[in-house]
Amino acid sequence: MTQIRGLVVVVVERDRRDGPGPEDSEKEKVVGGALWLPPGKKIDPSLLTLLRISPWKVIWRWGLVGVKRALIDYGPSVEKSLDEVFGARGLKWLDSWHLLMIAIDPEHEGKGYCSLIVRDGWKRASGKPVYLEASTPHSRDIYAHLGFEFNKENRFGVGSVNEMGVKAKGTAAVGVPVFIMTKVRAFLICRDLCSRLTQELVSGKQP
C-alpha cells in the first residue's frame with residue numbers, strides 16, 4: 001500500500017447562527033484543501049493501490065492507452081522536465097516542496113482561499129523551492145498571479161485525446177497539457193547572498 005506522508009491543508013468556513021440563549025450554533029464546512037509533499041517525497045503508486053481506487057470508470061472513458069499514458073508516460077516525462085528546469089539553476093527538484101493537489105469548492109471560488117493555501121505552504125516551506133504542475137491554462141494563470149514562474153509545457157496524447165484526456169480526433173485532439181511551474185527566485189537570492197557574505201568573511205572583508 002502506498003503511503004504518501006505529505007501535508008494536508010484544509011480550509012473551513014464557519015457559519016455562526018444566533019439562536020435563543022445558549023442554543024447558538026456554529027456550522028463548519030470544508031471549502032478547500034491541498035496536498036503538499038515535503039522534500040524527498042514523491043508518489044509511486046503500486047498496482048494494488050490503483051486497484052483499490054476502482055479506476056474502471058477512468059479506463060472506460062480514457063481507454064487502456066489513455067490510462068497507460070497517465071500512469072506510465074506522465075511521470076517519467078514530468079520528472080525529465082523537472083530535472084531540466086531545476087538542473088539549469090544548479091538545484092534538484094527532490095530537494096523542493098511539491099504542491100501536488102489543490103481544490104476549492106466552486107461555490108466558494110473568488111474568496112482568496114487558493115491564495116491562502118499557497119501562502120501558507122510557502123511559510124511551511126521555510127525558504128525551500130516549491131513546484132507544481134498546472135493542468136489548465138486558467139490554473140496556470142492563477143498560479144502565475146500568486147508568484148509562480150511558468151517554466152515548461154508538456155503535452156500528452158496529442159493526436160488522440162483532447163485537453164481533458166478524452167478520446168478525440170482532428171483539431172480537438174490537442175493532448176493533455178501540463179505546465180511546470182516553480183517558485184525558486186527567493187531561494188536563489190538568499191543562497192547567492194549567503195555565499196557572497198561567506199566569501200567576504202573568509203577573505204576578511206567587511207560585508
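Just so it is clear, the structure is predicted and the values come from calculations on it, not from any experiment. Values below: all heavy atoms of this structure, side chains included; hydrogens, waters and symmetry mates excluded.
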Open item on the list: Do H98 and E133 make a side-chain contact, defined as non-hydrogen atoms from C-beta onward lying under 4.5 Å apart?
Closed with: yes
Task: Nearest-0.5 Å distance, CZ of residue R140 to CG of residue L132 - done: 12.5 Å
Show me the side-chain donor-acceptor pairs of residues 100-112 shorter than 3.5 Å, one per line, residues at least two apart or across chains.
from	atom 1	to	atom 2	distance (Å)
D105	OD1	E107	N	2.9
H108	ND1	E13	OE1	3.4
H108	ND1	E13	OE2	3.3
H108	ND1	K111	NZ	3.0
K111	NZ	E13	OE2	3.0

TODO: Flag yes if more than 12 heavy atoms outside K92 fall under 6.0 Å of its NZ atom; otherwise flag no.
DONE: no
TODO: Might you point out which heavy atoms bring F179 and P137 nearest each other, and give the distance in Å?
DONE: CE1-N, 3.6 Å
TODO: Just do the salt bridge (Lys or Arg N to Asp or Glu O under 4.0 Å) check on R89 and E149 with the steps written out, would you?
DONE: CA-CA 13 Å; R89 298 172 174 177; E149 177 185 356; 2.8 Å; yes
Task: Residues that R155 engages under salt bridge (charged side-chain N to carboxylate O under 4.0 Å, His left out), provided they are two or more places apart - done: E153, E163
TODO: Establish, from distance only, whether the side-chain atoms of R119 and S115 form a donor-acceptor pair under 3.5 Å.
DONE: yes
Open item on the list: Using 0.5 Å steps for rounding, measure from the NZ atom of K152 to the CG atom of N154.
Closed with: 6.0 Å
Open item on the list: Do V11 and I117 make a side-chain contact, defined as non-hydrogen atoms from C-beta onward lying under 4.5 Å apart?
Closed with: yes
Task: Close side-chain approach of V130 and F148, heavy atoms under 4.5 Å - done: yes
Open item on the list: Could you go through I180 and V78, starting from their C-alpha distance and side-chain angles, then the distance that decides it, and tell me whether this counts as side chain to side chain contact (heavy atoms under 4.5 Å, CB included)?
Closed with: CA-CA 8 Å; I180 306 296; V78 169; 3.9 Å; yes
Task: Which residues share a side-chain hydrogen bond (donor to acceptor under 3.5 Å, both in side chains) with N162, sequence neighbours left out - done: none
Open item on the list: Run the side chain to side chain contact (heavy atoms under 4.5 Å, CB included) test on L99 and Y143 for me, step by step, so that the C-alpha distance in whole Å, both residues' side-chain angles and the decisive distance to 0.1 Å come before the verdict.
Closed with: CA-CA 11 Å; L99 177 51; Y143 292 126; 4.3 Å; yes
- [ ] Determine the minimum heavy-atom distance between A168 and A173, stating which atoms define it.
- [x] O-CB, 3.7 Å
Task: CE on M181 to CD1 on I142, rounded to 0.5 Å - done: 10.5 Å
Task: Residue pair P129 / F86, side-chain heavy-atom distance below 4.5 Å - done: yes
TODO: Determine whether V31 and V12 make a side-chain contact, defined as any pair of heavy atoms from C-beta on separated by less than 4.5 Å.
DONE: no
TODO: Measure the shortest side-chain to side-chain distance between V161 and V166 over non-hydrogen atoms and say whether it is less than 4.5 angstrom.
DONE: no
TODO: Assess whether side chain to side chain contact (heavy atoms under 4.5 Å, CB included) is satisfied between W97 and W122, documenting all intermediate values.
DONE: CA-CA 9 Å; W97 279 81; W122 287 344; over 6 Å; no
Task: Linked, directly or transitively: V178 and V174 (ILVMFWY side chains, under 4.5 Å) - done: no
Task: Spatial distance of atom CG (L82) from atom CH2 (W93) [nearest 0.5 Å] - done: 6.0 Å
TODO: Carefully, step by step, assess K42 and E79 under the rule side chain to side chain contact (heavy atoms under 4.5 Å, CB included).
DONE: CA-CA 10 Å; K42 66 176 184 175; E79 289 185 4; 3.3 Å; yes
TODO: Supply the atom-to-atom distance L146 CG to L116 CG, rounded to the nearest 0.5 angstrom.
DONE: 11.0 Å
Open item on the list: Less than 4.5 Å apart, side chain to side chain, heavy atoms only: is that true for S135 and V176?
Closed with: no
